[in-house]
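For ligands, and for the atoms within them, numbers begin at 1 and follow the listed sequence. All values below come from the heavy atoms of this structure, side chains included, with hydrogens, waters and symmetry mates left out.
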Amino acid sequence: MRKTATTPAGGTIPTQPGPRDATGASAPAQPPGPQSGIVSADGLDGAEGDMNGVAGPAGPDTDAVILGAGPSIRPGERATVRLRDAGPDDPPRYAPEWLELREGADAAARAHDLLDPLRIRLANLPGRAGLVIHDVGCGTGSMGRWLAPHLDGAQHWILHDRDPYLLHFAAVASPRSGADGSRVTVETRRGDIGRLTADALKGASLVTASALLDVLTREEVDTLAAACAGAGCPALLTLSVAGRVELTPSDPLDPEIADAFNAHQRRSGMLGPDAVTAAAEAFAEHGATVQVHPSPWQLGPGESALSAQWLRGWVGAAVEERPELRERADRYLSERLAACAAGELHVVVHHSDLLALCRPTGGAS
Ligand SMILES: C[S@@+](CC[C@H](N)C(=O)[O-])C[C@H]1O[C@@H](n2cnc3c(N)ncnc32)[C@H](O)[C@@H]1O
C-alpha cells in the first residue's frame, strides 16, 4: 500500500501516489442509507467470489487516499476491511466511506431542472407497467436513493458496477418506494461499462449515472451513448466534474493546484473535465437531444468533513501529477485544512448534469 506523508495539520499527501488506492479502504459497520426492501439483490454475473478481496480488519498501514476521488482514511482511524492488493493495471477501487461522505452534497447539487423533461419522456413511454432504470457505475447506490423518490410509479432498478463489493452495499441500501409510494425493486449486475450493449439495455426506461463520466475514457462514453441510443432510452448522467473550483478565501496557489489536478484527471485516457462535452457530442451523434445543467457542490462550514477529505484528494492528486509542487502544497494543504476546521473555508466544486433524450426505437418496451 502506498505510504503518505502527514502534514502538520493532519493532511496526507501521498509520497508514492498511484491511481488505485482503495486498498486500505474501511467499511462502515452498516452500509450507507436505510436498509430497504430488496427483491433481487444478487445478479452478480461471474462474481468469482470476489468478496474474497475483503480481508479485514486492516493493520496500521491504512492511510491511503483515492486520488481525485477522495481519501479513504487517515492514520489512526479504524479500518474494518482491506481490499485485495491492486496490480498496476487494475482499475481504481472506491471507498464506500468516500461515497457515503459525498452523498448529501451530491443530492443537494443535482440539477432538478432536468427532472421535468425526464418525467415527460417517461410519462410518454408506451404500454409500461413500471419503469426499468439502469444505474451504471452505481457504487453504493446513491443515485437510486436520490432519484427513485423523485419519480412516480413502480420502478425496477438494475445496478451496474465492476466492483462487487460496492454492489453489495448498493443492494442492501436501495430505495424502497417512488414518489407516489409505488414499490421499488433492485437487482445488481457486475460488469464493465466498456462492454455495455443495446441488448443489455433492452426494455430500459432510463439509464442513469452519477459521478461517473469523468472517470471514463472517450471510448467508454461512446459505448455508453451507442448502447442508450440503440435501446432508445434517455440517459440522465449527473455530477461530472467541470474542472473548476472556487475557494473562499482564495490563495495564490489555487490555480496551480487546480491545473495539476485537472491534468491528473486526464491521465490514462480518462476524460476528467472533458467528459460532459465528450458525452454531449457522443449522444448528439446518435441523434439525441442533449441538455446540460450546472450541479455544483456548495461546501460551507456545515460540510467541513467532506471539504477536508476533498481537499486531501484534490491536493494529493495535484502533487502526484506535479511533484515539484510538494513543498508548497504541504503548506497549502495545512492552511486549507486549518481554515476548514475553523469553519472559515467555502468551496464550490463545479459539476455538470446531462440529460440525453435518445430517439425512441419503439422496441424498448
Ligand atoms: C466515483 S464512483 C461513483 C459511484 C456512485 N455513482 C455515486 O455517485 O456514489 C464511480 C463508480 O463507477 C464505477 N466504475 C468506474 N468505471 C467503470 C467501468 N468502466 N465499468 C463499471 N463500473 C465502473 C466504480 O467502480 C465506482 O463505483
Heavy atom under 4.0 Å from ligand 1: found in [X]'s side chain, backbone, both, or neither?
X: P92; answer: neither
X: D192; answer: both
X: L212; answer: side chain

Residue set satisfying side-chain hydrogen bond (donor to acceptor under 3.5 Å, both in side chains) with S352, at least two apart, ordered chain then number -> none
Pairing of E335 and R331 as salt bridge, 4.0 angstrom limit: yes
Do any side-chain atoms of residues 233-245 form donor-acceptor pairs under 3.5 angstrom with protein atoms, and if so which ones, sequence neighbours left out?
| unit_1 | atom_1 | unit_2 | atom_2 | d |
| --- | --- | --- | --- | --- |
| T238 | OG1 | R110 | NE | 3.3 |
| T238 | OG1 | A209 | O | 3.1 |
| T238 | OG1 | S210 | OG | 3.0 |

Judged by heavy atoms only, the candidate from R162, R93, R102 nearest atom 22 (N) of ligand 1 is R162
Nearest neighbour of atom 6 (N) of ligand 1 from the list P164, G137, G141, G194, on a heavy-atom basis: G137
Any non-hydrogen atom of G191 lying under 4.0 Å from ligand 1? yes
Close approach of E220 to ligand 1, heavy atoms, under 4.0 angstrom: yes
Using 0.5 Å steps for rounding, measure from the OG1 atom of T208 to the CG atom of L212. 10.0 Å
Do any nitrogen or oxygen atoms of T140 come within less than 3.5 Å of a nitrogen or oxygen of ligand 1? no
E324, CD atom: more than 12 neighbouring heavy atoms under 6.0 Å: yes
